[in-house]
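Report on the following structure.
Given the structure is predicted, the values throughout are model-derived calculations rather than measurements. In the text below, chain A, chain B and the rest are named by the order of the sequence lines, each starting its count at 1.
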Number of protein chains: 2
Amino acid sequence: MTSKNKVLDHASLTARNSTPVADGPEDSGFAIFSATQIGESNKRRVLQMLFDLGPTSRAELARLTGTKRTTITGIVQPLIEAGLLIEVDPNEKRGVGKPARPLWFSASAAPVCAVFLMPDKVETALISLTGGVSAHRQVPIAPGKRNRETYIDALVAGVDHALAQAPRQALGIGVAVGGMVDPADGSIVAMNLAPAMAGLGLRDLLEDRFALPTIVDHHPRALLLGERWFGAGRGMGNFAVIYADEVLGCAMYLDGKPFRGPHGSGGELGHTIVDLNGGTCTCGKRGCWETVATLGWLRDRAAEAGLPGAERLDSERLVDLSAQMPAAGALLSRYAHNIAIGIANLQTLLMPDNFIIYGDVRRGGEIMQQFLTREISGLAASLPGNPITVFLGQNEQTITLQGAAGLIVSKQLEIEY
Amino acid sequence: MTSKNKVLDHASLTARNSTPVADGPEDSGFAIFSATQIGESNKRRVLQMLFDLGPTSRAELARLTGTKRTTITGIVQPLIEAGLLIEVDPNEKRGVGKPARPLWFSASAAPVCAVFLMPDKVETALISLTGGVSAHRQVPIAPGKRNRETYIDALVAGVDHALAQAPRQALGIGVAVGGMVDPADGSIVAMNLAPAMAGLGLRDLLEDRFALPTIVDHHPRALLLGERWFGAGRGMGNFAVIYADEVLGCAMYLDGKPFRGPHGSGGELGHTIVDLNGGTCTCGKRGCWETVATLGWLRDRAAEAGLPGAERLDSERLVDLSAQMPAAGALLSRYAHNIAIGIANLQTLLMPDNFIIYGDVRRGGEIMQQFLTREISGLAASLPGNPITVFLGQNEQTITLQGAAGLIVSKQLEIEY
DNA sequence: TTAATTTGTGCGACTCACAAACATATTAAG
DNA sequence: CTTAATATGTTTGTGAGTCGCACAAATTAA
């Protein structure tokens, strides 16, 4: 691969994205595009299409983009020669004419190293561009050993193990953190149950150790990008991921790209106010969504209602109980309603059509999905012809790791022009 | 002006934007860019910069974009020849060297026809690209005569009057409607106090009558675009307009473009739920922001508190009263708090830094601004270095008309690639 | 065996940003 | 008054990229 291929090329990301380039004129927010950037941009588009569509022939790509086949050839030929794409066998014959040669990512193309950092565990894996997970390792972190050294040792060992199995140099390291992070500098702001990690400059640490471009973001955004590049979000222009558990998280895909606020943060749906006269939240405000739609709220209400095992209740057990006890059914309904309020507010404001649910709520299964769908539909104004759909997330572990890798993929494939 | 200049060229907008082009391949959402489109795109960028910066020389534009002066010359020369831009005199000398020749929009360039349609009046004007308002007409519509014919007659007469004074063929007609509209087909969904207008296909009507590209949108979006192209929003990458009066409206500028939901609507901040157990809203839900932050809510509470003239109270009088009566001060505080909640929720979720306030609340002046700023700051988490700023809107009439014109400007200058 | 159809690829034309040199207009220094 | 220095704007060729056209290749249908 020559250095001209800046997309999905390791060299293009080695420069720290925090340090602004000093030689060029400072970025004033305005930009003019040159013909040289067009090729780069179009390459990203074609690769995005392949992610969205799966294996696709040059002719089909040309039809969908409105260009000529010759243009597509010009774009994909260098990528094939670089080993990123390969021609695969057509799985179905389509009548007369020369059979198409679908293009797809090579299994031996450069992979991405994925890290999932939680207070109680460190997961690492290698993710191929086809979404395949390999070299997966999970290291539990005992409550008594939650100091920085333990986490960093597990991290470094896991990444080393993954990188050793990479068929080529990895494109980078994507890290999903179960806690608050500052995406701008890749540091950990706070991690519940692991206070020692607060303030750790994780990105710089990994970049210095492995000399690979590294991106650190929080768990919901990883779920979003996992769905977008490798899951149900492929081809969806607009959707949101909701993580509802002991805390509430949210990430949005709008207008064909992940929404990041003007300053990289934003999307704090859990701390929007839904109860004017509600109780005090951990953030100091009153009536945040988090005060009425978390697992903690559910368990408190269950205790008040005298439900058995209230302190260990979760959605799965609540659904089971609801079949037997009317009080549990009523609580399930309230829980779903309260969760629906935050989602409906998001829908009313930004109009995404699809919601993918993770966290405790996902454990409620189809019953919970039905409750949620009903409540959200009652609260949000869906347009005719564009019904609101609530999906339950699939495998949270896998999607998170794929999403950590998706952080790197996004960095490379998002069209910024 | 040759037909090659597609930006700010009338011909480029004559095709109805509702009817998809039939000759080309259908738009699949994917696109590939050619060198010919680059020129178009860069032309838009340069014109956006001029709007944002005011009169600017070629050399300055080149510096800000990081390109060479020769590139800027290539872009602006055709625009000067077409009469869109002119060289103006430098207002200040800047030391040694050949003096710069700032470029600015010609006062005799193609203008935009602006319409502001309210239940009680029809305003029309001609807006130049420098923001100048001319041929302004305001026709009151008496309550007894609110049928379609009255409105349409006033509209047609006003547009005729404006177009007659245009130095060149107008670029289009932008319509701001005080009511609900469907931006996709430019029809009126509902207008409070003018039920006869519901369902009127206003865009098609005007396009058929005047053979000019027409865009219809609701009042808050016009305010947004008025601020963005001609007002305080110039150069702001992220801001929101809040219209707080008898109803609540909101429009957002995010990531350098106006936010429209996936289906053209969205931004219904007034109907997000902020009071879980609140009263029933006109939309059928409970506890919408509109139930606790409108002029109606204020007057009801004022009546409960026994304030004089409660049924005609507005922010201006409330501020006056608050200097004399503690009860009025308490109500002002509550009013500001409730309005702040919706704004803070928007800020928490999407992180715009700047809010421009219109409607009744604007009449509260600096006192109201201080109350609002304090309440919002208490509820929203501003980042250090990026404080949240609340502006009072300037002249609502002028900005609305400029914003109606801004609908056409946006259509032409938004970078879609 | 032949025609029709579809896929993928060369080659020249065109558009555009870019690089280098040049003409122009002003200030500062002698 | 003359000359150097500096900044602006234009002219001319070059390279990158897509497009239009023609052509080879592979498959099906007659």
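- Between the CZ atom of R69(A) and the P atom of dC11(C) there is a distance of 18 Å, given to the nearest Å.
- At the phosphate of dT15(C), neither OP1 nor OP2 sits under 4.0 Å from any side-chain N or O atom of T36(B).
- Summarising the geometry, the separation between NZ on K68(A) and C1' on dG8(C) is reported as 14 Å, rounded to the nearest angstrom.
- Within the 4.0 Å cut-off from OP1 or OP2 of dC16(C), not a single side-chain nitrogen or oxygen of N42(B) is found.
- Taking a 6.0 Å sphere around CZ of R101(A), one finds it holds 12 or fewer heavy atoms contributed by other residues, nucleotides or ligands.
- Phosphate proximity of dT8(D) to R63(B): present, with a side-chain N or O under 4.0 Å from OP1 or OP2.
- Counting to the nearest Å, the P atom of dT15(C) and the CD1 atom of I32(A) are 19 Å from each other.
- For I38(B), taking side-chain heavy atoms from C-beta onward, the closest of the listed nucleotides dT10(D), dC16(C), dG10(C) is dC16(C).
- One finds no side-chain N or O of T73(A) lying less than 4.0 angstrom from the OP1 or OP2 phosphate oxygen of dG8(C).
- The base of dG9(D) does not come close enough to the side chain of R58(B) for any donor and acceptor atom to sit less than 3.5 Å apart.
- Residue contacts for I75(A): at a heavy-atom cut-off of 4.0 Å it reaches the sugar-phosphate backbone alone, with no base atom in range.
- In this structure, CD of E87(A) is placed 14 Å from P of dT7(C), rounded to the nearest angstrom.
- Between the C1' atom of dA17(C) and the CD atom of Q37(A) lies a distance of 9 Å, rounded to the nearest Å.
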